[in-house]
Amino acid sequence: MLDNLTQRLAKVVKTMRGEARLTESNTAEMLREVRLALLEADVALPAVREFIAKVKEKALGEEVIGSLTPGQALVGVVQRELASLMGADLGPEASQLNFATQPPAIILMAGLQGAGKTTTVGKLAKYLRETTKKKVLTVSADVYRPAAIGQLETVTGQAGADFFPSQATDKPVDIALAALDYAKKHHHEVLIVDTAGRLGIDQAMMDEIRAVHAAIKPIETLFVVDAMLGQDAINTAKAFSDALPLTGVVLTKLDGDSRGGAALSVRHITGKPIKFAGVAEKLDGLEAFDPSRMANRILG
Ligand code: GDP
């Protein structure tokens, strides 16, 4: 087991009790430990660097009050800064979906194959049915894996939402437009559009999802990313963030044993709120994202 950050810093700073302020010299070694802890949590290096620089800026000159050791004072700064980066300062509204549009509110799902998009569509449909009673329609624009269309139909049925059938021979843009037309005619309040994912990022996939985005102009474009992805999360997030105006992130598979450093990498790149966390395979395994809990998890 890894020591948690407080324990690690306590070891480093045993000899530094009684110092009144955090300084360049008394934080240098501790910041190295923070850096290591983040790397062990699989946060990508550019995100680690930016974070350490922020913590340093906030920490230097900070008074070490009362019975705290400099290590405890620094852990406080690290925790606050990480929670803030995870979105704690954005308030609870940050994790809400935007429905301020002429219905249907369109939600477009983007992400690599296996990230959990289709499962998340089912979870979102169920969540929206249960929490808002909205009439939800789902559609799959994944024409490369016919099984994906069937999988979406199954989870949509389980979620108690409506499913718009598509054919693998149709074009993704035509599918999305046909579903939108159907949703308008049948008074659906939400349309969730699932898209194809590849195992890696490729230009054709990006062009395709951009075309779908341009055709249906979703109010929410959610980037779905697997928390187990580790260091690669940063490249994937960059590719999707460059291609599409993302409005939020869904971090899946947080029930796995990763420390979830991907969350920090993805925030670093997209700057968009992580709106939901996937915490189980089953359809009730979706939670509003909790920034403080995530910060504690990353710190170990
Ligand atoms: P897609 O290719 O992006 O549509 O991904 P899928 O929705 O098909 O999900 C890929 C796999 O991840 C499936 O086996 C899902 O059951 C699983 N999965 C998705 N979300 C979660 C989650 O939050 N937790 C766990 N444990 N498994 C998940």
Side-chain angles (χ1 to χ4, degrees), residues 42 95 107-128 130 136-159 161 163-166 168 172 175-176 179 191-202 204-206 208-209 212-213 218 220-230 232-233 235-237 239-241 243-244 246 248-263 266 270 274-290 293-294 297-298:
D42 258 341
S95 74
I107 305 174
L108 181 67
M109 310 297 281
L112 292 183
Q113 185 175 318
K117 284 184 302 298
T118 307
T119 310
T120 302
V121 174
K123 289 174 175 177
L124 266 181
K126 184 173 158 73
Y127 173 88
L128 292 174
E130 287 173 359
V136 179
L137 181 71
T138 74
V139 65
S140 173
D142 186 349
V143 294
Y144 308 100
R145 291 188 311 134
I149 301 176
Q151 185 193 345
L152 184 66
E153 182 169 17
T154 304
V155 294
T156 301
Q158 288 167 352
F163 173 72
F164 182 85
S166 48
I175 291 172
L191 169 64
I192 313 180
V193 182
D194 198 6
T195 59
R198 306 285 160 81
L199 290 173
I201 299 149
D202 81 55
M205 169 178 106
M206 288 303 177
E208 182 184 290
I209 195 164
V212 171
H213 185 280
E220 290 279 1
T221 301
L222 301 179
F223 171 52
V224 181
V225 60
D226 180 342
M228 313 277 280
L229 202 54
D232 281 345
N235 300 326
T236 312
F240 279 93
S241 178
L244 292 166
L246 302 176
V249 176
V250 181
L251 196 61
T252 62
K253 308 189 195 179
L254 273 173
D255 48 317
D257 57 8
S258 79
R259 293 254 301 278
V266 170
T270 67
I274 302 177
K275 299 203 174 203
F276 294 98
V279 294
E281 282 197 31
K282 47 189 184 9
L283 290 194
D284 53 6
L286 188 74
E287 294 178 352
F289 181 73
D290 182 337
R293 214 158 83 199
M294 194 67 221
R297 177 172 175 153
I298 292 176

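Numbering of residues begins at 1 and proceeds along the displayed sequence. Both counts, for ligands and for their atoms, begin at 1 and track the order of listing.
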K.L.:
For D226, which residues count as a salt bridge (charged side-chain N to carboxylate O under 4.0 Å, His left out) partner, sequence neighbours excluded?
P.N.:
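So D226 forms a salt bridge (charged side-chain N to carboxylate O under 4.0 Å, His left out) with K253.
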K.L.:
Report the C-alpha separation of L124 and L286 in whole Å, then their side-chain angles, then the decisive distance to 0.1 Å, and conclude whether the side-chain contact (heavy atoms from CB on, under 4.5 Å) test is met.
P.N.:
CA-CA 8 Å; L124 266 181; L286 188 74; 3.9 Å; yes
K.L.:
Under 3.5 Å, is there a donor-acceptor pair between the side chain of R198 and the main chain of A204?
P.N.:
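No: the side chain of R198 does not pair with the backbone of A204.
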K.L.:
When you look at CZ of R297, are more than 12 heavy atoms from neighbouring residues, nucleotides or ligands closer to it than 6.0 Å?
P.N.:
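Count over threshold, so yes.
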K.L.:
Name the residues with a heavy atom less than 4.0 Å from ligand 1?
P.N.:
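Correct list: L112, Q113, G114, A115, G116, K117, T118, T119, K123, R145, Q151, K253, D255, G278, V279, A280, E281.
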K.L.:
Could you tell me which residues satisfy ring pair (Phe, Tyr, Trp, His ring centres under 6.0 Å) with F289, sequence neighbours excluded, listed by chain and number?
P.N.:
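In terms of ring pair (Phe, Tyr, Trp, His ring centres under 6.0 Å), with neighbours along the sequence ignored, F289 is linked to no residue.
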K.L.:
With sequence neighbours left out, which residue pairs that include part of residues 108-117 fulfil the salt bridge (Lys or Arg N to Asp or Glu O under 4.0 Å) condition?
P.N.:
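Output for this query is empty, none listed.
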